[in-house]
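Computed from a predicted structure; not experimentally measured. We're numbering straight along the sequence, starting at 1.
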Amino acid sequence: MKSTKYILYLTIMLIAALGAGCKKYLDDGSVTEGPITEQQVWANNDYARGVLNSAYTIVPDRYNLDDNGAMQASATDEAVNSNLNSSIYTFTNGTWSPFRTVDDVYSNMYTGLRRANMFIANVDASNIVSTPSEVVKDADPVRASYDSTLAGQKSRLKGEAFFLRAYFHFELLERYGSIVLATRVFNTDEELNLPRNSFDECVNRILIDCDSAILRLPPYTDSWSASNKGRATQTAAMALKSRLLLYAASPQYNPSGDVAKWQKAADAAKALIDRNLHSIINPYVNVFLFGTAPYNKEVIFSGQPSSRNDIEQNNAPVSYDGALGRTNPTQEMVDAFEMKTTGRLITDPLSGYSASAPYTNRDPRFDLVIHYNGKTYKSKTIDTYIGGKDGIGANVNATKTGYYMRKFFNDGVTWNQQSNTSSRRPWVIFRYAEILLNYAEALNEAQGPTADVLRYVNQIRQRTGIALPALQTGNLTGNGYVQPTKEAMRERIHNERRVELCFEGHRFFDVRRWKEGARFFNVPVTGMRITPNAAGTFNYERFQVQNRVFTDKNYLYPISQTELNRAPALKQNPGY
């Protein structure tokens, strides 16, 4: 491990423009020669705050996992990546190993942990001074109350560091299982070849840090200035608790089905819901569009927003200004969207689905997140039929499934022009719809399909502009859509989660925590081959796009051999 002074020097050099003082530091000629000592860092308001700001830069952006536009969706049954040489296929082709890793965040998360721990250890004695934040200037009474004294500001900043420490630990835990907890800055003369803590120890540590953050952080308010809305809040820490406890209660980590763990997860989600600080917003697409109204009441926590057009350039249909068409939804993903009128899955004989008009009368979210044949985008028709300008084989980047991803797009963005336009977008990490789904799932497992289970799922289904028929208990010969059993409700909640949160990185971990890898990830994925008829209609033929490989070892990431060589006491995850 590098020396503390060197780490601090690198930390300061990586200060992100997240808060006051960054510009002052970069403009200060007095620090351009030689390394900065640890004493100098904590004696200076801007440098000390910069240590925390640099920790925020570690929060991942998952729009591009292979530096060529690949998203985690293509490592699941949600999508195929049009670049068949992408490293994203390491997840699915049986080559994933300690010598061939992808999305290996191990070292990066420990860098974030080191920065958070530095700040926690030193902030109380630092020379951070009481300065009016932008929020105080905006006269937000909630944030102002936390920043009104020097002690209050230090406490709030320390709360942010506790949240980040919890979050970085969770990012490791969901990938690698049990990990080595890092709750302090290690000295260079310490033994660093450490065994992992148990899974339960990791969960308990993350919960403690979340609670420490909640005690110190202000509640979310939607009147904060844009420069502060990327910072942690009480509800961000509560959302992390909700996701963590849901994972801990799931079959992957709760094979005995301990109902108490499910109830604990339900209680954590309900505590956030009862704060009444977040809500489902309308319309659905605005959740991810930050251009004119940075942040909204559905977003709980996200990465840093940046002005960008790469999301559209990487994923739009190939005929649109040379886009790369990377994320191609599978037919399995398309089939998950219900029928709008009946609210039934297309496999239900009473759904109203027509194989000759497969995209008609579907769940409105389908049109908002998937580009399909005949749809209009940027005033042009998308042609994914065989021989069409966006169809299979149109060029090397063209769709492999007959579909393109639409989610996250801002239609005002342009690319490959003489003058391009961009839009501010972050990677949204926690949003309110997830919390409602967390609550419904956990409560159903703990108590069965109670009225609350249905109530909170239906809040999502009946978002303005979506307006799907409500899920109801009752028998299927009446007006109900689920049988009054825990098992039937489980399937509908899982499908609702699949649709609502598609392409957001949840499916990869949801299928694992449900222990359903063999069911969903060890089978081929399919697409739709569309051919035109002389009469102007189309024939639709499902076809196999890729075979996929998933074995029991793939429930967890492998520890890279590089890390094992450094610390053999970690031991490898089973099967690798």
Checking side-chain polar atoms at under 3.5 Å, does R344 have a donor or acceptor matched by the opposite partner on S351? no

Sequence neighbours excluded, the answer for salt bridge (Lys or Arg N to Asp or Glu O under 4.0 Å) partners of R216 is none

Do we see a donor-acceptor contact under 3.5 Å between the side chains of R542 and T526? yes

With a 4.5 Å limit on heavy-atom distance, are the side chains of T485 and M489 in contact? no

Results of salt bridge (Lys or Arg N to Asp or Glu O under 4.0 Å) for R406 - residues two or more places apart only: D411

Gap between atom CG of N438 and atom OH of Y432 - 0.5 Å precision: 11.5 Å

Given side chains that start at C-beta, do those of L113 and T183 come closer than 4.5 Å, heavy atoms only? no

Answer whether the closest heavy-atom distance between the side chains of E201 and N204 falls below 4.5 Å. no

Pairs touching residues 86-103 that satisfy salt bridge (charged side-chain N to carboxylate O under 4.0 Å, His left out), sequence neighbours left out: D103-R175

First locate atom CG of L443, then atom CD of E445, and finally report the distance between them rounded to the nearest 0.5 Å. 10.0 Å

Looking only at non-hydrogen atoms, find the nearest pair between L172 and Y106 and report the distance. CD2-CA, 3.8 Å

Run the side chain to side chain donor-acceptor pair (under 3.5 Å) test against E487 and tell me which residues pass, sequence neighbours left out. none

Establish, from distance only, whether the side-chain atoms of D66 and S87 form a donor-acceptor pair under 3.5 Å. no

Distance alone, cut at 3.5 Å: any donor-acceptor contact between the side chains of D452 and Y439? yes

For residues R205 and N197, is any side-chain donor paired with an opposing acceptor at under 3.5 Å? no

Pair D77 + R498: basic N to acidic O under 4.0 Å: yes

Are R519 and E491 close enough, and set up right, to give a salt bridge (Lys or Arg N to Asp or Glu O under 4.0 Å), and what steps lead you there? CA-CA 13 Å; R519 176 184 174 189; E491 288 294 312; 3.3 Å; yes

Salt bridge (charged side-chain N to carboxylate O under 4.0 Å, His left out): pairs with one or both residues in residues 564-576, sequence neighbours excluded: E563-R566

Apply salt bridge (Lys or Arg N to Asp or Glu O under 4.0 Å) to E496 and R490, showing your working. CA-CA 10 Å; E496 190 68 30; R490 177 189 300 145; over 6 Å; no

For the OG atom of S242 and the CZ atom of F430, what is their distance to the nearest 0.5 Å? 8.5 Å

I need the full list of ring pair (Phe, Tyr, Trp, His ring centres under 6.0 Å) pairs touching residues 230-256, with sequence neighbours left out, sorted by first then second residue. F170-Y247, F199-Y253

Salt bridge (Lys or Arg N to Asp or Glu O under 4.0 Å) with E338: which residues, sequence neighbours excluded? R461, R492

Ion pair check, K407 and E78, cut-off under 4.0 Å: no

Under the criterion side chain to side chain contact (heavy atoms under 4.5 Å, CB included), I'd like the reasoning laid out for Y576 against Y557: C-alpha separation, chi angles, the key distance, then a yes or no. CA-CA 9 Å; Y576 292 106; Y557 282 39; 5.9 Å; no

Excluding sequence neighbours, so at least two apart, what forms side chain to side chain donor-acceptor pair (under 3.5 Å) with K158? D124

With a 6.0 Å cut-off on the ring centroids, do F408 and Y63 count as close? yes

Validation row, ring centre F119 to ring centre F162 under 6.0 Å: no

Start with the C-alpha gap between R431 and L501, add the side-chain angles, then the distance that decides, and say whether side chain to side chain contact (heavy atoms under 4.5 Å, CB included) holds. CA-CA 10 Å; R431 64 182 177 99; L501 303 177; 3.5 Å; yes

Salt-bridge test for R165 and D209: reply yes if a basic N is under 4.0 Å from a carboxylate O, no otherwise. yes

Side-chain contact, heavy-atom cut-off 4.5 Å: F543 with M528? no

Is the closest side-chain heavy-atom distance between M238 and D211 below 4.5 Å? no

Any M71 side-chain heavy atom under 4.5 Å of N64 side chain: no

Test item: N315 side-chain N/O and I311 main-chain N/O as donor-acceptor pair under 3.5 Å: yes

Non-neighbouring partners of D61 that pass salt bridge (Lys or Arg N to Asp or Glu O under 4.0 Å), sequence neighbours left out: R308

Would a distance-only check, ignoring hydrogens and angles, find a side-chain to backbone donor-acceptor pair under 3.5 Å from T101 to P98? no

Nearest-0.5 Å distance, CD1 of residue I58 to OH of residue Y110: 14.0 Å

Gap separating the CG atom of L350 from the CE atom of M339, nearest 0.5 angstrom: 12.0 Å

Between Y555 and F550, ring centroids under 6.0 Å: yes

State, with a plain yes or no, whether a side-chain heavy atom of N458 is found less than 4.5 Å away from one of L471. yes

Between L556 and Q252, which heavy-atom pair has the shortest distance, and what is it? CD2-NE2, 3.8 Å

In chain order, what residues pass the ring-ring contact (aromatic ring centres under 6.0 Å, His included) check against F520, with sequence neighbours excluded? none

Taking only residues two or more places apart in sequence, or in another chain, which ones meet S82 in a side chain to side chain donor-acceptor pair (under 3.5 Å)? R326

Check this for me: does any side-chain nitrogen of one of E332 and R507 sit under 4.0 Å from a carboxylate oxygen of the other? no

So that I can tick it off, tell me whether D510 and R497 are bridged by a salt bridge, with the cut-off set at under 4.0 angstrom between side-chain N and carboxylate O. yes

Using 0.5 Å steps for rounding, measure from the CG atom of N495 to the CZ atom of F337. 9.0 Å

I'd like to know if the side chain of Y176 pairs up with that of D104 as donor and acceptor (distance under 3.5 Å, no hydrogens or angles considered). yes

Atom of F186, atom of L181 and distance for their closest heavy-atom approach: CZ-O, 4.3 Å

Pair D258-S256, side-chain donor/acceptor within less than 3.5 Å: no

Inter- and intrachain pairs under side chain to side chain donor-acceptor pair (under 3.5 Å), touching residues 264-280, at least two apart: Q234-R275, T235-H278, Q263-D267, K270-D274

Does F508 have R512 sitting over its ring (NZ/CZ under 6.0 Å from centre, angle to axis within 45°)? yes

So, do R548 and V525 sit near enough that their side-chain heavy atoms are less than 4.5 Å apart? yes

According to the interplanar angle, ranging from 0 to 90°, do the rings of Y167 and F163 count as parallel (below 30°), tilted (30 to 60°) or perpendicular (above 60°)? parallel

Testing the basics here: between P426 and G303, what is the closest heavy-atom pair and its distance to 0.1 Å? CB-O, 3.2 Å

Pair R513-E441, salt bridge (Lys or Arg N to Asp or Glu O under 4.0 Å): steps then yes or no: CA-CA 13 Å; R513 68 180 176 85; E441 180 181 345; 2.8 Å; yes

